[in-house]
**Student:** 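One structure, pasted below without further comment.
What you see below is based on every heavy atom in this structure, not just the backbone, and it leaves out hydrogens, waters and symmetry mates. Each residue takes its place number in the sequence, starting with 1.
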Amino acid sequence: MAEAGVKTPLGTFYIMVQAEAITRAGWSPGGDVKPKPKSDDAILLRLAQAQVEDYFAGRRQAFDLAIAPHGTPFQRKVWRRIAQIPWGRYETYGVLARDLDDVAAQAVGQACSRNPVGLLVPCHRVLAAGPRLGGYGGDGHIKAWLLEHEGITGIGV
């Protein structure tokens, strides 16, 4: 297993790699994430760090990384669908619910809140009806910042 942090305008973004796939990623509640000893996963970790840095520098709009988030089959189905939402676009919980065999929008929201690879699976691009920010597994400020970074403005609270 390998893990490390990346400094971003929103704080330290941590990445955990295990068995040649990213299993967790998000903002570190404690600030810095100390790198663990090198392993076979270190190459993917360095690639992920570079892609996150490029995203925040405005040089990258999509991630091309092996991810293996742990979740239920339904959660993984929701995350796969969310991963298809491109930079600068958003979907609502209700639209995703209809796309996913007409499940409840609340179920989509719950899957978003349990996304263990935030940013890489861009749950920040999923909004409540209106459109409004709605919930976010991280901090609402982070969601608003990411949307603005991607050129999405005028979203209600």
Side-chain angles (χ1 to χ4, degrees), residues 3-17 21-33 45 47-157:
E3 63 182 87
V6 178
K7 297 288 185 189
T8 77
L10 299 170
T12 302
F13 185 80
Y14 71 90
I15 305 162
M16 295 176 65
V17 176
I22 297 168
T23 56
R24 294 197 66 73
W27 277 268
S28 174
D32 291 334
V33 176
L45 181 63
L47 178 62
Q49 288 175 293
Q51 288 193 18
V52 168
E53 288 170 353
D54 285 349
Y55 170 85
F56 282 100
R59 296 184 299 259
R60 174 171 288 279
Q61 296 183 350
F63 296 99
D64 182 22
L65 299 164
I67 62 170
H70 298 286
T72 67
F74 174 74
Q75 289 168 339
R76 290 192 308 269
K77 182 177 180 179
V78 171
W79 300 333
R80 281 191 302 275
R81 175 59 180 85
I82 290 169
Q84 297 171 0
I85 303 170
W87 165 285
R89 304 285 304 272
Y90 66 86
E91 296 284 354
T92 65
Y93 297 105
V95 167
L96 290 178
R98 283 189 296 278
D99 287 354
L100 296 166
D101 301 324
D102 214 18
V103 299
Q106 184 179 17
V108 172
Q110 289 172 347
C112 284
S113 72
R114 291 179 175 86
N115 174 10
V117 288
L119 186 65
L120 307 180
V121 169
C123 284
H124 63 276
R125 296 179 188 152
V126 182
L127 304 177
R132 297 182 341 267
L133 281 181
Y136 186 63
D139 173 324
H141 165 75
I142 290 174
K143 182 173 186 169
W145 193 100
L146 293 170
L147 290 169
E148 188 171 317
H149 176 67
E150 295 184 11
I152 301 171
T153 59
I155 303 299
V157 179

**Student:** Are any non-hydrogen side-chain atoms of L10 and L146 less than 4.5 angstrom apart?
**Tutor:** yes
**Student:** Strictly distance-based, threshold 3.5 Å: is any side-chain N or O of R125 a donor or acceptor partner for the main-chain N or O of I85?
**Tutor:** yes
**Student:** Using 0.5 Å steps for rounding, measure from the SG atom of C112 to the CD atom of Q106.
**Tutor:** 12.5 Å
**Student:** Atom CD1 in I67, atom OG1 in T23: separation rounded to 0.5 Å?
**Tutor:** 10.5 Å
**Student:** Would you say that V52 contacts I15 through its side chain, given a criterion of any heavy-atom pair below 4.5 Å between the two side chains?
**Tutor:** yes
**Student:** Measure the spacing between CZ of R60 and CG of D54 and express it to the nearest 0.5 Å.
**Tutor:** 6.0 Å
**Student:** Is any side-chain heavy atom of R24 closer than 4.5 Å to one of Y14?
**Tutor:** yes
**Student:** Grab the two heavy atoms, one from A129 and one from T92, that are nearest each other, plus how far apart they are.
**Tutor:** CA-CG2, 4.4 Å
**Student:** Quick check, are the ring centers of Y55 and W87 under 6.0 angstrom apart?
**Tutor:** yes
**Student:** Can you list everything that forms a side chain to side chain contact (heavy atoms under 4.5 Å, CB included) with P9? Sequence neighbours excluded, please.
**Tutor:** F56, W145
**Student:** Under 6.0 Å between the ring centres of Y90 and H124?
**Tutor:** no
**Student:** Do the non-hydrogen side-chain atoms of L119 and F63 ever get within less than 4.5 Å of each other?
**Tutor:** yes
**Student:** Could you tell me the separation between the CD1 atom of I22 and the CG atom of L65, rounded to the nearest 0.5 Å?
**Tutor:** 4.5 Å
**Student:** Donor-acceptor pair, Q49 side chain versus G5 backbone, under 3.5 Å?
**Tutor:** yes
**Student:** Is it the case that the side chain of D102 and the backbone of A97 share a donor-acceptor pair, with hydrogens and angles ignored and the cut-off at 3.5 Å?
**Tutor:** no
**Student:** Is it true that K77 and D99 make a salt bridge, defined as a side-chain N closer than 4.0 Å to a carboxylate O?
**Tutor:** no
**Student:** Side chains of L133 and L147, heavy atoms from C-beta outward: is any pair under 4.5 Å?
**Tutor:** yes
**Student:** Would L127 and Y93 count as a side chain to side chain contact (heavy atoms under 4.5 Å, CB included) here? Give the steps.
**Tutor:** CA-CA 6 Å; L127 304 177; Y93 297 105; 5.6 Å; no
**Student:** P116 and H70: which non-hydrogen atoms are nearest, and at how many Å?
**Tutor:** CG-O, 3.9 Å
**Student:** At what distance, to the nearest 0.5 angstrom, does OG1 of T153 lie from CD of E148?
**Tutor:** 7.5 Å
**Student:** So which atom in A111 and which in F74 form the shortest heavy-atom distance, rounded to 0.1 Å?
**Tutor:** CB-CE2, 4.4 Å
**Student:** About how many Å separate CZ of R114 and OG1 of T72, when rounded to the nearest 0.5 Å?
**Tutor:** 8.5 Å
**Student:** Which atoms form the tightest heavy-atom contact between L100 and V108, and what is the distance?
**Tutor:** CD1-CG2, 4.2 Å
**Student:** For A83 versus P122, what's the shortest heavy-atom pair and its separation?
**Tutor:** CA-CD, 4.0 Å
**Student:** I'd like to know whether E91 forms a salt bridge (Lys or Arg N to Asp or Glu O under 4.0 Å) with R81, so could you lay out the CA-CA distance, the side-chain angles of the two residues, the decisive distance to 0.1 Å, and finally the verdict.
**Tutor:** CA-CA 10 Å; E91 296 284 354; R81 175 59 180 85; 3.7 Å; yes
**Student:** Would R80 and Q84 count as a side chain to side chain contact (heavy atoms under 4.5 Å, CB included) if you check the C-alpha gap in whole Å, the side-chain angles of each, and the deciding distance to 0.1 Å?
**Tutor:** CA-CA 7 Å; R80 281 191 302 275; Q84 297 171 0; 5.5 Å; no
**Student:** May I ask you to test the D64-Q51 pair for a side-chain heavy-atom distance under 4.5 Å?
**Tutor:** yes
**Student:** Locate the shortest heavy-atom distance separating V126 from K143; write the atom from each residue and the value.
**Tutor:** O-NZ, 2.6 Å
**Student:** Between E150 and R89, is there a side-chain N and carboxylate O pair less than 4.0 Å apart?
**Tutor:** no
